[in-house]
Q: 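My questions all concern the structure below.
Computed from a prediction, not measured in an experiment: that's the story for all the values here. Numbering of ligands and ligand atoms starts at 1, following listing order. In what follows, every heavy atom counts, from backbone to side chain, and hydrogens, waters and symmetry copies are set aside.
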Amino acid sequence: MAEIVPFNKPHMTGKELYTIAQAHFNSVLAGDGPYTRLCHKRLEEMCHSQKVLLTHSCTAALEMQSLLLAIGEGDEVIMPSYTFVSTANAVVLRGGVPVFVDIRADTLNIDETLVAQAIGKKTRAIAPVHYAGVGCEMDTLLAIAKQHNLMVIEDAAQGFMATYKERPLGSIGHLGALSFHETKNVICGEGGALLVNDAQFSLKAEIIREKGTDRSRFFRGEVDKYTWQDIGSSYLPGELVAAFLWAQLEEACEITANRLASWERYHTLLADLEAQELLRRPIVPAECRQNGHMYYILLHPRFDRQRVLSGLKENGIHAVFHYVPLHTAPAGRKYCRVHGSLSVTEDSASRLIRLPLWYGIPEAMQIRTVEVLGSLLRNAWGIL
Ligand SMILES: *Cc1c(COP(=O)(O)O)cnc(C)c1O
């Protein structure tokens, strides 16, 4: 039996143990110590964002976005149904209603041409999700938002180090959110960041993150004591997590380059199968620079995806499908609203397979993955 090809393998640079030891010596273990400050500064530079705050997850950063916008009972946020649950949960937790519109068939990102017609009296924001680290059509979304006085809150969980028209994902809307979960490119186990790109939210973001207090201003010496200012929670990670992340940030360019090389290799290897109309490869618009986060394929509709996934698994290759569209899930039906047809969402989600992709995946594993996939599809063609 050939070697197993795992779907994901978290990449550790090896320097994390050193930075964690440093944090240990520093004797600062709570949040916002020296490593957190280093991470903030580096992320502000890398993401061209005026203020970045580490959070304990992207989910936490998305919840902070809802709190910052003061999303309340019945307020609506327009987003794709084809996303991770946290995009919608953050709104629902505040009593708001996610309004789903369909996605584009090429990038699987929110279809910007459907957003304006979904806007109503209760609409407060548009929440683009940059799927697979490929940017949404942000200029169009920003123009719609401006015209209707809405906020744009980016879920850039998969988008660290990727750009749209040279602008880093997460830094383009009023607020952005990144993830450093171990399944992402740059990781710290569980972790994320809020990108504050609009100065009106800076102070409030610090307060929400620090249990509703102005402790951050107190630490900077701007006030002589800190008190309860507003509603908030504890969204900051401890220093050990920040120390781990710092080691990763120092290698972020190398990590991204490595993943991009593996992504390009799949893209080349899969060209023939696309030419034979067995599948479709990802499409990246010219104005977007992606980050090698994910390689997915869309099977031709004639195939039974479950059989393809099982076939891969029987050959030791762990591939997965992605996102059960939220509007078809129990909580989605209960808390959310659909605007118009979601046929592209339903169709794409039913045909998508993510291939194994991780830092350092050997070329031989990628070749074998494509070979096995190709033979499964060619054989199935005869059967189905
Ligand atoms: C991973 C992911 C999240 C959640 O990130 P966590 O850091 O695990 O909370 C949210 N949205 C999208 C699109 C994601 O891919």
Q: Is F100 close to P80 at the side-chain level, that is, under 4.5 Å between some pair of heavy atoms?
A: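 Not touching, per the 4.5 Å side-chain cut-off.
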Q: Just to check, does H130 reach to within less than 4.0 Å of ligand 1 when the distance is taken from its heavy atoms?
A: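 No.
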Q: Can you name the atoms of ligand 1, numbered from 1 with element, that are less than 4.0 Å from a heavy atom of S179?
A: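 It comes down to these atoms of ligand 1: 5 (O), 6 (P), 7 (O).
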Q: Write out the residue and atom name of the closest protein heavy atom to atom 9 (O) of ligand 1, then the distance separating them to 0.1 Å.
A: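 The protein heavy atom lying closest is T59 OG1, 2.5 Å.
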Q: Looking at ligand 1, does any of its N/O atoms fall within less than 3.5 Å of an N/O of S86?
A: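 No, since none of the N or O atoms of S86 sits under 3.5 Å from an N or O of ligand 1.
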Q: Can you figure out which of T55, D155, N89 has its heavy atom closest to atom 13 (C) of ligand 1?
A: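 Result: the heavy atom closest to atom 13 (C) of ligand 1 is in D155.
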Q: Heavy-atom contacts with V129 under 4.0 Å: which atoms of ligand 1 show up? List them by number with element.
A: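 Close to V129: 13 (C).
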Q: Which ligand 1 atoms, with their elements, are less than 4.0 angstrom from a heavy-atom of S57?
A: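 Near S57, the atoms of ligand 1 are 7 (O), 9 (O).
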Q: Can a salt bridge be assigned to the pair E76 and R337 using a cut-off of 4.0 Å between side-chain N and carboxylate O?
A: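 A salt bridge links E76 with R337.
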Q: Output yes when the distance from some N or O of ligand 1 to some N or O of H181 is under 3.5 Å, and no in every other case.
A: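 Looking only at distances, the answer is no, because the N/O contact criterion of under 3.5 Å is not met.
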Q: If I take atom CZ from residue R124 and atom CD1 from residue I71, how far apart are they, to the nearest 0.5 angstrom?
A: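 It comes to 4.5 Å.
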Q: In terms of heavy-atom contacts, does NZ of K165 have more than 12 from other residues, nucleotides or ligands at under 6.0 Å?
A: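 Counting neighbours around NZ of K165, more than 12 heavy atoms of other residues, nucleotides or ligands fall under 6.0 Å, so yes.
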Q: Of all the non-hydrogen atoms in the protein, which one sits nearest to atom 12 (C) of ligand 1, and at what distance?
A: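 Answer for atom 12 (C) of ligand 1: A157 CB, 3.3 Å.
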Q: Below 4.0 angstrom, N of the basic side chain to O of the carboxylate: do E3 and R368 qualify?
A: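 So E3 does not pair with R368 through a salt bridge.
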Q: Give the atom numbers and elements of ligand 1 that come within less than 4.0 Å of a heavy atom of G191.
A: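 Answer, ordered by atom number: 7 (O).
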Q: Do the rings of F180 and F160 sit parallel, tilted or perpendicular, given the 30° and 60° boundaries?
A: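 If you compare the ring of F180 with that of F160, the planes turn out perpendicular.
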Q: Just which atoms of ligand 1 are under 4.0 Å from any heavy atom in C58?
A: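 Counting from 1, the qualifying ligand atoms are 4 (C), 5 (O), 6 (P), 7 (O), 9 (O).
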Q: Could you find the nearest protein heavy atom to atom 1 (C) of ligand 1 and give me its residue, atom name and distance?
A: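 It is K184 NZ, 1.7 Å.
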Q: Using the side chain to side chain contact (heavy atoms under 4.5 Å, CB included) definition, which of the options V129, D102, T345, V115 pairs with I110?
A: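 Option passing the side chain to side chain contact (heavy atoms under 4.5 Å, CB included) with I110: V115.
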Q: Which of the atoms in ligand 1, numbered in the order shown and given with their element, are less than 4.0 Å from a heavy-atom of Y323?
A: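 Once the distances to Y323 are compared, the set is 13 (C), 15 (O).
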Q: Looking at H148, I want to see if its NE2 is surrounded by more than 12 non-hydrogen atoms of other residues, nucleotides or ligands under 6.0 Å.
A: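 Count over threshold, so yes.
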Q: Using distance alone, determine whether Q158 and ligand 1 share an N or O pair under 3.5 Å.
A: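 In this structure, Q158 places an N or O atom under 3.5 Å from an N or O of ligand 1.
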Q: Can you confirm whether more than 12 heavy atoms, excluding those of K204, are under 6.0 Å from its NZ atom?
A: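 Buried by this count: over 12 neighbours within 6.0 Å.
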Q: Given side-chain contact (heavy atoms from CB on, under 4.5 Å), test F244 with I20 step by step and report yes or no.
A: CA-CA 6 Å; F244 191 107; I20 287 172; 3.8 Å; yes
Q: Return the residue, atom name and 0.1 Å-rounded distance of the protein heavy atom closest to atom 10 (C) of ligand 1.
A: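 Heavy-atom neighbour on the protein nearest atom 10 (C) of ligand 1: F84 CD2, 3.5 Å.
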Q: In this structure, does ligand 1 have an atom that sits under 4.0 Å from one of the heavy atoms of A60?
A: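 It does not, in that no heavy atom of A60 comes within the 4.0 Å cut-off of ligand 1.
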